[in-house]
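Below is one structure, written out as structure tokens, with a few remarks after it.
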Amino acid sequence: MSILLDSDARVLIVGITGKFGTFSVKDLAQSHTRVVAGVAPGRGGQAIEGIPVFSSVAAAMQETHANAALIYVPAMVALDAVLETIEAGCPLIAYPGDGLPVLDAMEMRAAALEHGAHLVGPNSPGLISPGKAKLGFMPSFCYAPGPIGVISRSGSLSYEACFRLSQAGFGQTSVIGIGGDPVRGVNAAEAIALFHDDPETRAIIYLGEIGGSEEYALADYAKRPDAKPSAALLVGRTAPAGKKMGHAAAMIGSYADSWAAKVEALDRAGVVIARDLDGLSAAAASALARAMKPAA
Amino acid sequence: MSILLDSDARVLIVGITGKFGTFSVKDLAQSHTRVVAGVAPGRGGQAIEGIPVFSSVAAAMQETHANAALIYVPAMVALDAVLETIEAGCPLIAYPGDGLPVLDAMEMRAAALEHGAHLVGPNSPGLISPGKAKLGFMPSFCYAPGPIGVISRSGSLSYEACFRLSQAGFGQTSVIGIGGDPVRGVNAAEAIALFHDDPETRAIIYLGEIGGSEEYALADYAKRPDAKPSAALLVGRTAPAGKKMGHAAAMIGSYADSWAAKVEALDRAGVVIARDLDGLSAAAASALARAMKPAA
Amino acid sequence: MLVTEAQGKALLRAAAVTTPSSHELRSLDEVRDCRVDFPVAVKAQVAAGGRGKAGGIQKANSPAELESAFAAIMGMRFGGEAPASVLVESWLDIERELYLAVAIDSRVGGFSVLYSPRGGINIEDGPPPLSYPVGLARNFRAHAFRALLEPVESDAKVRERVISTARRLLEIAQANECTTVEINPLVVSRGGALIAADAKVVLDEAAAFRRAATAATIATARDKAEREIRLCEEANLMLVWLDGEIGLISGGAGMTMAAMDAIDGAGAQPACFLDVSGNPTPAGFGLAFDLLDRAPNVKGILVSMFGGGLHTDRVARTLVELLARRASSKPVTLRLNGTRSDLATTILGEAGHRNHATLEMAVADIVKKVAGARS
Amino acid sequence: MLVTEAQGKALLRAAAVTTPSSHELRSLDEVRDCRVDFPVAVKAQVAAGGRGKAGGIQKANSPAELESAFAAIMGMRFGGEAPASVLVESWLDIERELYLAVAIDSRVGGFSVLYSPRGGINIEDGPPPLSYPVGLARNFRAHAFRALLEPVESDAKVRERVISTARRLLEIAQANECTTVEINPLVVSRGGALIAADAKVVLDEAAAFRRAATAATIATARDKAEREIRLCEEANLMLVWLDGEIGLISGGAGMTMAAMDAIDGAGAQPACFLDVSGNPTPAGFGLAFDLLDRAPNVKGILVSMFGGGLHTDRVARTLVELLARRASSKPVTLRLNGTRSDLATTILGEAGHRNHATLEMAVADIVKKVAGARS
């Protein structure tokens with residue numbers, strides 16, 4: 001098993017005629033992911049890399065029975081594209097783009113919740129279920145199948161962290177990038193719930209950072225008596241207050257935003273803390289070891 | 001029968017401590033309408049003219065099982081009050097106030113539709129089912145029970161028109177003021193549908209005016225083979241183009257807004273036209289006479 | 001409340017809708033100091049429609065032509081209004097003129113988007129624009145609008161730009177509480193970009209309590225309005241001057257229009273729409289009589305009130321007092337009906353005034369009196 | 001992007017939120033010409049927090065005091081920023097200070113409204129404010145907020161005014177695309193009215209493509225920013241200067257922070273957050289090296305890139321060329337891992353550079369080199 005994305009994925013690429021869209025057709029094929037359709041308004045009837053192009057998501061869904069969408073359009077039309085995809089009935093959507101106005105992210109999130117769809121992003125590499133399918137642009141070589149569910153706020157950190165985990169023998173059920181923006185589709189709490197319900201996921205690893213409050217969702221979860229074991233690596237321990245560290249949401253505005261406050265809360269809730277990237281595999285091993293033990 | 005409002009009405013007055021609210025308690029009592037509760041934030045526990053006051057609509061509904069609300073609050077907090085009332089589960093609401101921003105009217109209308117509630121107003125005297133109950137501030141002496149359903153965009157016109165109808169022996173099942181603003185709760189098409197479904201309503205009289213397009217809803221209805229007979233009086237035949245005639249929506253901006261265009265459409269659809277107020281009773285008689293005949 | 005093109009375009013620019021580069025000029029000195037690349041369009045700034053057909057838009061190819069166009073336009077009147085300024089804009093290289101608007105649509109219960117692939121000043125002579133019923137601005141869906149546009153607009157690039165611009169216009173209407181934001185023409189430039197060559201923006205006056213810009217526009221319009229209109233607004237009366245000879249004082253918008261129509265039905269014409277229901281007091285009626293007594297075209301006055309909440313006996317007392325000290329000899333006809341009208345009839349009768357039983361009788365009476373006074 | 005109090009208050013006034021009467025002054029001449037009723041508050045206009053505690057708000061009781069306060073404040077720096085102006089405001093007659101804000105809350109997935117009945121500069125020392133999770137601005141419900149306020153705010157009149165103001169702040173945030181609109185203090189005047197005595201407004205920079213005001217604010221801030229930051233923004237690099245000695249060039253926000261933390265873990269400190277993933281080209285790396293080579297506090301440079309989509313062999317070639325013509329003698333450590341890193345190691349090795357296998361090895365190497373250079 002895995003979360004949201006499985007080997008039966010039939011992927012639709014909105015914005016397939018753009019640079020990213022066309023790259024993704026080839027990249028996904030190499031990751032054994034079935035791309036069944038592309039969408040580009042006014043370009044219906046064409047084909048890109050052998051994939052049929054439709055003028056609307058509804059037409060593409062009807063013809064190809066796509067069940068997952070990857071959206072590569074500029075931020076200024078992203079809300080339109082995501083709403084079209086949600087309302088066409090697509091249950092899983094990744095919008096990786098960054099620079100999206102937060103009001104548009106709010107509308108996307110609300111529309112997804114209203115329709116029972118799962119939206120991954122914005123500002124995220126997407127979602128991968130190693131060995132099964134990929135809905136995003138993360139480098140596939142970093143991942144391997146296994147029992148760990150990974151949630152990450154940062155693309156670059158998740159690549160290297162998963163590469164190290166895979167090298168150390170800790171494969172992943174799924175790796176979901178919840179993104180670096182303050183408002184997102186699937187958030188930490190929802191991603192945790194998905195991994196909690198996935199029988200093959202035996203432990204959860206959270207890759208977080210300073211700023212925002214998503215990390216507290218993991219602390220809340222870890223306190224539950226039925227929680228799966230979890231480990232966390234938070235970056236930005238040495239970041240100064242009041243400065244945005246690349247991601248829109250990575251800024252320390254109050255004590256609760258800080259590395260120390262978050263690590264304290266996670267530690268108190270029983271989450272295994274990796275102080276550095278270097279300590280991540282040990283933390284993963286420790287969490288998995290707990291998963292082996294029967295509940296006390 | 002009647003539409004929306006019947007003798008089982010249990011009326012709640014939001015803004016009961018204001019001048020209009022307090023006047024309405026006495027006025028409704030004189031019209032044999034049961035007022036069961038008032039709402040004024042921060043004034044819960046008091047009483048006005050013997051009516052208990054609550055701090056929230058939800059509390060008032062729970063305690064008194066009110067099933068209709070009359071809202072007398074200033075335009076700047078009207079949206080808040082109407083949303084609270086709709087979301088507390090009240091199925092029928094009249095908001096008579098004028099000067100409401102049209103964006104707020106749009107939100108009210110959307111919320112009412114979403115919750116399956118009926119909102120009468122803004123900028124309307126409300127709704128009366130003569131001899132049964134009144135939810136508004138129209139002068140009760142103008143009305144009498146009978147077989148005619150009346151829809152009006154103008155308060156003043158509806159008082160005098162109904163007074164004349166009542167004097168001439170043409171009583172009313174219900175009289176609904178859909179209001180003089182461009183966006184409203186129950187609109188012409190919806191009011192027509194309600195009267196269509198009311199078995200006691202034998203004919204519909206529409207009191208309209210220049211500007212907007214509500215009158216075309218009656219023309220559409222009258223073309224239906226199963227339509228009840230209808231008559232219409234439109235005012236503003238002598239109004240100039242480009243000038244707002246009192247009501248926000250009463251302005252001729254295009255040919256379709258004009259008296260001539262609307263009368264032509266209604267006449268062609270088979271609606272009996274009263275050219276003047278003076279001709280209204282004859283038009284009512286003519287419509288009722290058609291109702292007597294079995295369908296061809 | 002319609003605002004000027006210049007104000008409307010400022011709202012468009014704030015939301016990053018492209019407009020031609022422009023200067024708003026108020027005096028010949030400003031015209032002489034203004035540096036522009038010719039040719040330019042010189043456009044009267046008035047809050048009234050039909051400006052183009054009335055000569056309010058001229059082309060100038062040189063500073064001399066600009067000066068004379070400025071002087072000519074500033075001397076014109078549009079719907080009675082003098083321009084406060086002219087807008088001087090770079091002359092556009094036009095590939096095609098489109099029509100795009102968002103406006104409140106009462107049957108939709110919210111906004112509709114209107115589009116025509118052939119805009120310009122003769123838009124009303126062509127087929128009606130495509131209408132996309134949106135409702136709440138947030139219900140706009142690019143894909144739904146696109147599906148409607150496809151049969152109407154064959155150029156896919158223009159289509160996508162129209163969709164983006166329509167969304168932007170809805171955002172403008174929402175954020176600034178406008179009931180209409182109309183661009184006609186929306187110009188397709190030779191390069192394919194869309195440029196708003198004109199802007200017709202109507203602000204929702206009811207939102208003035210939370211929109212400082214709307215409140216300021218209303219205040220400016222009130223300052224510019226003729227004295228009578230301003231006095232009525234301040235006194236909470238609603239006045240629209242008309243062309244007839246019967247001065248009409250009535251109550252409620254609908255009944256005032258009904259009375260206007262009844263006057264027309266009796267072969268005369270109303271001189272005004274004057275609704276005193278907002279202030280049926282000695283002050284309100286006093287102002288109404290004062291205005292109508294002074295108006296040269298008003299030959300007689302009809303007071304017609306139907307009392308609902310209003311107590312007509314109070315109105316009768318007010319009228320008796322007012323008529324007693326009135327100087328004008330214009331004939332007056334009274335009709336008070338409804339709440340306490342028996343008492344009103346008595347009060348009027350005791351003072352020697354007749355209360356007519358119906359609107360129609362009162363109208364016949366004043367029309368006869370005015371015709372008699374003339375012959 | 002934080003704007004100044006004066007800009008924030010302009011947004012409040014446009015939505016009819018009451019602010020004190022004020023003048024924004026930029027020069028001593030303006031101060032001398034300004035007519036105000038004393039006493040007044042004299043307030044530094046900077047887009048940075050903590051101004052009050054740093055002496056940026058002073059009271060002046062006379063023209064002489066106003067002049068000296070102006071001069072004093074204009075000479076101060078707040079978070080490194082010089083005030084561009086001061087705001088002179090009538091001194092408020094304060095009954096009570098409240099705290100009211102709307103801000104994006106990531107766990108809510110939208111806006112929250114924050115309220116405290118005791119606002120002022122020490123708000124952070126008290127209990128956390130009441131939080132009403134709204135989500136989309138249109139989901140604000142007066143009755144829901146009222147129910148939360150009742151146990152916290154006992155004055156029913158204040159409560160109702162706070163509710164109205166909160167709705168207004170949400171409308172401002174929505175219409176202008178703000179991520180924060182905070183009023184602290186929101187003053188209850190002796191007359192009971194609410195007055196926004198301060199305003200902290202953060203604009204969403206991502207909305208600049210459709211908000212001319214946001215685009216203009218960003219452009220102004222960029223003009224005012226130090227040269228290095230501006231160069232990086234123009235080149236699509238992300239730079240934040242820090243206090244340490246290890247110049248860090250990395251890829252991706254998360255990995256750059258991870259590398260900063262690793263440097264700290266090895267007993268040294270990073271000199272910067274410098275993410276070149278937006279432009280991993282000769283131009284991007286060239287600018288990065290140029291800035292770090294010139295910075296006096298940078299004693300050595302660590303380049304750490306993990307290649308995902310990025311081909312590290314290309315980066316290796318770029319670095320070889322760059323290092324060959326570099327003048328600085330500051331030590332450099334390289335670590336390229338991920339896509340095509342075997343090839344990268346070969347390319348670097350052929351040019352005499354070592355490619356470290358892991359981030360930790362590379363960090364240890366540069367820390368040792370810098371320590372060696374120092375001793």
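Computed over heavy atoms, backbone and side chain alike; hydrogens, waters and symmetry mates excluded. Please read these numbers as outputs of a predicted model, since none were measured by experiment. Each chain gets a letter, A, B and so on, in the order its sequence line appears, and its residues count up from 1.
Annotation for Tyr216(A): atom OH counts as buried by contact number, over 12 foreign heavy atoms lying within 6.0 Å. Within a 6.0 Å radius of NZ in Lys243(A), other residues, nucleotides and ligands contribute 12 heavy atoms or fewer. The environment of Lys19(A) atom NZ is sparse: at most 12 non-hydrogen atoms of other residues, nucleotides or ligands sit within 6.0 angstrom.
For chain A, the option among Gln269(D), Arg211(D), Glu205(D), Arg138(D) with the highest count of heavy-atom pairs below 4.5 Å is Arg138(D). Chain D forms more heavy-atom pairs under 4.5 Å with one residue of Cys142(A), Ala75(A), Ser154(A) than with any other, namely Ser154(A). Interface remark: of the candidates Leu207(A), Asp104(A), Ile210(A), Asp98(A), Asp104(A) forms the most heavy-atom pairs closer than 4.5 Å to chain D. When each of Phe273(D), Phe306(D), Phe111(D) is checked for heavy-atom pairs under 4.5 Å with chain A, Phe306(D) comes out on top. Residue with the most contacts toward chain A among Leu239(D), Thr256(D), Leu359(D): Leu359(D) (heavy-atom pairs, distance under 4.5 Å). Heavy-atom pairs under 4.5 Å with chain D were tallied for Ala239(A), Gly212(A), Gly211(A), Ser213(A); the largest tally goes to Ser213(A). Note: Gly254(D) leads Ala208(D), Gly254(D), Gly252(D) in heavy-atom pairs under 4.5 Å with chain A. Considering only heavy-atom pairs separated by less than 4.5 Å from chain D, the leading option among Ser140(A), Pro182(A), Pro240(A) is Pro182(A). Between chain D and the residues Asp276(A), Val183(A), Leu103(A), the most heavy-atom pairs under 4.5 angstrom are made by Leu103(A). For the set Val235(A), Leu157(A), Leu100(A), the count of heavy-atom pairs under 4.5 angstrom toward chain D peaks at Val235(A).
Counting all heavy atoms, side chain and backbone alike, Ser156(A) lies closest to Ala253(D) at OG-N, 3.9 Å. The heavy-atom pair separating Gly308(D) from Pro139(A) by the smallest distance is CA-CG, 3.3 Å. Shown here for Ala206(D) and Gly99(A), the closest heavy-atom pair between the two residues is CB-O, 3.5 Å. Closest approach of Arg109(A) and Val108(D) over heavy atoms only: NE-O, 4.4 Å.
Shown are Asp264(D), Asp261(D), Asp243(D); of these, the side chain to side chain donor-acceptor pair (under 3.5 Å) with Thr238(A) is made only by Asp261(D).
Looking at Leu136(D), both its backbone and its side chain come within 4.5 Å of chain A, counting heavy atoms on both sides. Residue contact with chain A, scored on non-hydrogen atoms closer than 4.5 Å, involves the side chain of Met238(D) exclusively. If you measure heavy-atom distances from Thr179(D) to chain A, the contacts under 4.5 Å come from the side chain alone. Within the 4.5 angstrom heavy-atom criterion, no atom of Ala249(A) approaches chain D. Proximity to chain D is limited to the side chain of Glu209(A), based on heavy atoms less than 4.5 angstrom apart. Interface residue Arg237(A): backbone and side-chain heavy atoms are both found under 4.5 Å from chain D. When heavy atoms are compared at a cutoff of 4.5 Å, Ala189(A) does not approach chain D at all.
Atoms CE and CD, on Met305(D) and Glu160(A) in that order, are 11.5 Å from each other to the nearest 0.5 Å. Asn337(D) contributes atom CG, which lies 15.0 Å from atom OH of Tyr159(A) (distance to the nearest 0.5 angstrom). To the nearest 0.5 Å, atoms NE2 (His247(A)) and CE (Met257(D)) are separated by 6.5 Å.
Proximity of Arg210(D) to Pro101(A): side-chain heavy atoms (C-beta onward) are separated by under 4.5 Å at one or more points. Put simply, the side chain of Arg184(A) reaches to within 4.5 Å of the side chain of Ser106(D), judged on heavy atoms.
Sorted pairs that involve residues 251-260 of chain A and meet side-chain hydrogen bond (donor to acceptor under 3.5 Å, both in side chains), not counting sequence neighbours, are lacking altogether.
Remark: Glu360(D) engages Arg164(A), Leu277(A), Asp278(A), Thr358(D) in a side-chain contact (heavy atoms from CB on, under 4.5 Å) (not counting sequence neighbours).
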